[in-house]
Amino acid sequence: MKNVSSRRYVLKGTLVLGAALIAGSGLSSARAADYRLLNVSYDPTRELYGDINRAFPAFWSKTHAGDSIVVTSSHGGSGAQARSVLEGAPADIVTLGLAYDIDILAQNGLLAANWQTRLPHNSTPYTSTIVFLVRKGNPKSIHDWPDLIRDGVQVVTPNPKTSGGARWNYLAAWGWALRQPGGSEQSATAYLKALFAHVPVLDTGARGATNSFVQRGLGDVLIAWEDEALLASRDLGPDKFDIVVPPLTILAEPPVATVDRNIQEHGTEAISRAYLEFLFSPEGQRIGAKHYFRPVDPTIQAETASVFPKTTTFDVASLGGWTRLQKAHFSDGGIFDQIYSH
Amino acid sequence: MKPLTVTVLRPTRRHTLPGFSLSLGLTLLWTGLIVVLPLTALLFRPWHNGAGTMIHALYDARMHAALRVSFTCALLAVLIDLPIGLLLAWTLVRYRPPGHRVVDAMIDLPFAIPTAVTGIALATLYGPNGWIGSISSQWGLKLAFSPAGIVIALTFIGLPFIVRSIEPVLRSFPKDVEEAAFLLGASGWQRFRLILLPTLAPALLSGVGLAFARGVGEYGSVIFIAGNQPFHSEVAPLLIVMRLQEFNYDGATSIALILLVIALLCLVAVSRLRRSVSSGLVREDGA
């Protein structure tokens with residue numbers, strides 16, 4: 001299977017080269033074109049990419065006047081979305097919750113294996129982090145990871161096996177525990193075991209968990225992406241929740257990529273790449289910040305510093321990278337299953 | 001004088017139904033494409049990389065627990081649905097209370113509502129903050145986010161199957177049989193036990209079979225109210241979704257196949273029971 005895909009890459013490389021030549025020769029004749037782009041994304045980015053899709057045509061027409069562009073987004077669980085692209089959804093662009101889901105597409109020959117190095121910041125235009133959402137006034141005084149496993153504290157977090165977003169929650173806890181004095185894989189596993197003993201409900205998705213915490217009043221603390229927490233605390237109930245940013249947490253990097261095989265087929269290579277570049281542009285970065293995703297551009301970071309509290313973060317690479325983590329923790333019989341085994 | 005000609009009219013069609021072979025062909029084709037083909041794929045996929053995945057699935061303790069949760073909850077839900085469904089169908093057919101048409105239309109709602117909506121609505125209602133959940137929790141009764149929640153969701157989903165399978169039989173049940181029994185001095189309970197129940201039994205059983213099978217496979221409404229705790233309130237279809245999330249198609253189809261085989265055995269058992277009940281009925285009639 002490896003051999004077939006590598007041969008496919010060679011073939012694909014030739015195709016890309018050929019397509020680039022044709023595109024290059026076509027540029028001089030600059031004719032107006034009709035583009036339809038599909039961005040297959042994950043759940044909490046619905047509003048973000050709604051705004052991006054509305055703003056992108058203006059960005060593109062600066063260099064390509066007269067083109068007509070329709071960008072649509074599709075949203076769902078990150079893993080399910082990756083599966084749909086794998087099974088043939090005509091995505092030009094994927095913007096998913098974790099690099100592992102795009103790695104799977106690369107393993108199946110849909111895009112180059114080195115996709116994550118093609119754009120700055122590990123192909124991540126916006127980052128986020130994992131924070132705690134607590135009831136107003138923080139009645140259980142939760143400030144850091146050890147507080148989550150105190151007696152009488154109930155924690156709401158989705159099942160990391162069914163929710164890509166929740167894998168970040170889990171790995172934030174894992175990484176924190178590893179970094180404690182005397183921390184080891186054993187001590188980190190013990191911490192996670194204790195943590196999940198405090199989780200009364202394992203929702204299958206991040207929005208489900210937010211619902212359980214916000215609407216049903218379940219639990220004392222919700223482990224959540226910062227953008228979801230800010231959305232819940234600012235827009236759903238400003239007087240109901242507080243956000244606690246733990247002193248040490250994970251840097252969540254939801255990456256983006258073009259689906260090489262599909263954009264060659266659709267003839268949308270240039271515009272799909274431009275769409276991703278737009279995400280890194282000052283305008284794209286501001287739209288991201290508006291939806292509570294942390295910008296990577298230093299200028300926009302400075303502009304929006306008041307929205308995002310400072311914290312120390314570690315990234316997934318420092319924990320061993322997605323492929324290794326996925327296998328060790330979230331595969332059948334992995335560490336997460338062991339936590340629940342009798 | 002012209003010679004007398006006799007035209008012999010022969011039946012040209014061998015079947016009374018027009019276009020029999022065409023319709024049969026089409027039916028078989030559709031059934032093949034829609035039912036048999038995916039099921040065949042399900043039969044073959046788990047062995048893709050040898051028997052290892054299947055053996056692993058068969059001996060997984062968590063899988064056993066999930067199967068136990070799924071089948072027990074589906075069974076309990078059907079047992080709850082049975083008297084409620086019978087009562088509901090009886091009331092609608094026999095008493096026709098004011099507004100019975102509205103109730104009649106509402107019975108099918110669980111079919112129509114997206115299962116996720118059902119799950120979220122039930123979790124809200126039975127959750128710790130909900131109307132029912134807040135009262136029940138005062139008595140220390142935890143309904144949502146426990147196996148009880150699964151039973152509640154499956155009861156809701158299964159009810160129309162019971163009502164809809166009894167209703168037509170009840171409607172066409174001749175009243176004079178009951179009247180005769182009454183005149184012969186049978187009490188209300190005797191009329192129900194000896195006249196009505198045996199007549200309804202085959203329909204009841206097929207309703208039970210349908211509701212049970214649906215309950216075992218139900219995912220959408222259950223996951224919102226179950227709590228999804230491994231070994232405790234995790235249903236088998238959730239394990240399938242987990243395997244898919246790991247891009248482990250072989251593992252997913254292994255569980256699906258096990259689920260399918262057990263469900264099939266249950267359905268076969270129900271249909272055998274139904275046949276023996278109906279044949280028993282015929283014998284009693286003296287036919």
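Keep in mind that what you see is a predicted model, and the values were worked out from it rather than measured. Letters go in sequence order (proteins before strands), and every chain restarts at 1.
When all heavy atoms are compared, the tightest approach of A/Leu202 to B/Pro230 is CD1-CD, 3.7 Å. Scanning both residues, A/Ala82 and B/Phe247, for their nearest heavy atoms gives CB-CZ, 4.0 Å. Taking every heavy atom of both residues into account, B/Gln229 and A/Val199 meet most closely at NE2-O, 2.5 Å. Closest non-hydrogen pair, A/Glu87 versus B/Tyr249, comes out as OE2-OH, 3.0 Å.
Heavy atoms closer than 4.5 Å to chain A are found in the side chain of B/Tyr219, but not in its backbone. Both the backbone and the side chain of B/Ala123 come within less than 4.5 Å of a heavy atom of chain A. Only the side chain of A/Tyr100 comes within contact range of chain B, with heavy atoms under 4.5 Å apart. Using a 4.5 Å cut-off between heavy atoms, B/Ile120 contacts chain A through both its backbone and its side chain. Looking at A/Asn159, the atoms closer than 4.5 Å to chain B (heavy atoms on both sides) all sit in the side chain, from C-beta outward. Contact of A/Thr162 with chain B is made through backbone and side chain together, with heavy-atom distances under 4.5 Å.
Of the listed residues (B/His232, B/Glu234, B/Arg62), the one with the most heavy-atom contacts under 4.5 Å to chain A is B/Arg62. For the options A/Arg216, A/Arg83, A/Lys161, heavy-atom pairs under 4.5 Å to chain B are most numerous at A/Arg216. With chain A as partner, the option from B/Ile223, B/Thr124, B/Asp60, B/Val241 having the largest number of non-hydrogen pairs under 4.5 angstrom is B/Thr124.
The structure places CZ of B/Phe231 at 6.5 Å from OG of A/Ser341, a figure rounded to the nearest 0.5 Å. Taking OG from A/Ser331 and CE from B/Met242, the interatomic distance works out to 13.0 Å, rounded to the nearest 0.5 Å.
A 6.0 Å sphere centred on CG of A/Asp239 holds more than 12 heavy atoms belonging to other residues, nucleotides or ligands.
Looking at B/Asn228, its side chain never comes within 3.5 Å of a backbone N or O of A/Asp203 through a donor-acceptor pair.
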> side chain to side chain contact (heavy atoms under 4.5 Å, CB included) between B/Glu246 and A/Lys327: does it pass, once the steps are laid out?
Replying inline: CA-CA 9 Å; B/Glu246 295 159 12; A/Lys327 197 166 161 27; over 6 Å; no

